[in-house]
Amino acid sequence: MTSASHDGRVAELTLFADYHQIHTFNEGSQPDFADQWTGQAVADRLVVTEDAVAIGTTVNVNVAVSVEVLDGSPADDSTEFDHVAEASIRCTSGRLVVMGCTDYEPDAQRFAVEPGWLRMRICQANLDRAYEVDIDSDEDPETMERLRVQIWPAAATAQVVVKRWLPPST
């Protein structure tokens, strides 16, 4: 995992999406998503538990991840992305961990958030190009998969896929 910048509210990260996953969770929780990747979860690119989210990625290499901690719901700009999903999680610790699936947790980035329920909007871009290049996608910014994770305090609501990406047919 590398971090280009992190000011507590916004961070630009490069994370290794081992097993095609990025994890976001309440500090102190011990998420285990192994048995939760159902066919629907894979299609939604999302597994959600009460205090954690696993984001499914197209590639199994480094991906660019932008994390934004917001005070309220962001404007809808889903037309700029390939896949957009939202979910709610509870963060009792007031610190949210963002990391690659197999990263070393003590070294993972942490973000101060309002303790309680949070809403997350996960936007994914450049998926067709990353899919096409696959294992070499992280060698060029033009082909690297990009994720934006926006987080804000909000009452718990149902998980939803706002915009769905499907791999190109071969």
Side-chain angles (χ1 to χ4, degrees), residues 1 11 13-26 29-70 72-91 96-103 108-109 111 113 116-135 137-138 143-170:
M1 184 231 12
L13 311 171
T14 301
L15 298 176
F16 180 49
D18 204 8
Y19 297 98
H20 298 268
Q21 297 176 49
I22 299 297
H23 293 178
T24 303
F25 55 93
N26 175 53
S29 63
Q30 308 235 330
D32 181 6
F33 301 109
D35 296 330
Q36 297 184 30
W37 282 105
T38 64
Q40 187 64 55
V42 170
D44 292 349
R45 306 170 70 82
L46 206 59
V47 171
V48 181
T49 67
E50 183 172 327
D51 63 357
V53 171
I55 303 165
T57 63
T58 301
V59 296
N60 191 40
V61 293
N62 288 326
V63 296
V65 180
S66 174
V67 179
E68 301 175 6
V69 178
L70 308 169
S73 178
D76 179 9
D77 60 357
S78 58
T79 59
E80 297 178 26
F81 295 89
D82 300 322
H83 188 92
V84 180
E86 290 190 8
S88 295
I89 66 169
R90 191 166 66 178
C91 184
L96 202 63
V97 178
V98 179
M99 61 184 265
C101 172
T102 56
D103 284 348
Q109 293 290 325
F111 297 86
V113 295
W117 284 100
L118 302 172
R119 190 69 176 166
M120 298 176 65
R121 180 177 298 153
I122 299 103
C123 302
Q124 296 175 280
N126 215 28
L127 301 184
D128 285 340
R129 300 211 48 208
Y131 179 84
E132 180 182 314
V133 181
D134 192 32
I135 198 163
S137 65
D138 64 348
T143 58
M144 188 176 230
E145 181 171 348
R146 294 187 302 274
L147 284 76
R148 182 184 69 191
V149 180
Q150 295 173 305
I151 305 155
W152 66 95
T157 55
Q159 171 183 326
V160 62
V161 174
V162 175
K163 183 176 183 180
R164 185 176 302 280
W165 176 81
L166 297 173
S169 27
T170 54

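Residue numbers run from 1 in the order of the sequence given. No experiment lies behind these values; they were computed from the predicted model shown.
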Distance from [X] atom [atom1] to [Y] atom [atom2], nearest 0.5 Å?
X      : Y      : atom1 : atom2 : answer
Ile55  : Cys101 : CD1   : SG    : 12.0 Å
Thr24  : Asp51  : OG1   : CG    : 11.5 Å
Arg121 : Ser73  : CZ    : OG    : 5.0 Å
Asn126 : Arg146 : CG    : CZ    : 4.0 Å
Leu46  : Gln159 : CG    : CD    : 4.5 Å
Tyr131 : Leu166 : OH    : CG    : 10.5 Å

Would you call [X] and [Y] a side-chain contact if the rule is heavy atoms closer than 4.5 Å?
X      : Y      : result
His83  : Arg164 : yes
Glu50  : Trp117 : yes
Leu127 : Arg45  : yes
Leu15  : Asp103 : yes
Gln124 : Asp82  : no
Val67  : Gln109 : no

Search all heavy atoms of [X] against all heavy atoms of [Y] and return the closest pair with its distance.
X      : Y      : value
Ala52  : Pro31  : CB-CB, 3.7 Å
Ile22  : Gly100 : CD1-CA, 4.1 Å
Pro74  : Gln150 : CG-OE1, 3.5 Å
Ile135 : Val61  : O-CG1, 3.4 Å
Cys91  : Asn26  : SG-OD1, 3.2 Å
Asn60  : Phe16  : O-CE1, 3.4 Å

Query raised in the report: Considering residues, nucleotides and ligands other than Glu132, do more than 12 of their heavy atoms fall under 6.0 Å from its CD?
Result: no
Ignoring hydrogens and geometry, is there a side-chain-to-backbone donor-acceptor pair from [X] to [Y] under 3.5 Å?
X      : Y      : result
Arg148 : Ala125 : no
Asp138 : Met144 : no
Ser88  : Thr157 : yes
Glu145 : Thr58  : yes

Requested in this report: Under the side-chain contact (heavy atoms from CB on, under 4.5 Å) rule, what do Ile89 and Leu96 come out as? Steps first, then yes or no, please.
Outcome: CA-CA 10 Å; Ile89 66 169; Leu96 202 63; 3.7 Å; yes
Requested in this report: Enumerate the residue pairs fulfilling ring-ring contact (aromatic ring centres under 6.0 Å, His included) with a member in residues 33-70, sequence neighbours excluded, ordered by first and then second residue.
Outcome: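 Residue pairs with at least one partner in residues 33-70: His23-Phe33.
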Query raised in the report: side-chain hydrogen bond (donor to acceptor under 3.5 Å, both in side chains) with Asp18: which of Thr102, Asn62, Thr57?
Result: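 Only match with Asp18 under side-chain hydrogen bond (donor to acceptor under 3.5 Å, both in side chains): Thr102.
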Query raised in the report: How far apart are the C-alpha atoms of Val98 and Val149, what are their side-chain angles, what is the distance that settles it, and do they pass the side-chain contact (heavy atoms from CB on, under 4.5 Å) test?
Result: CA-CA 10 Å; Val98 179; Val149 180; 5.8 Å; no
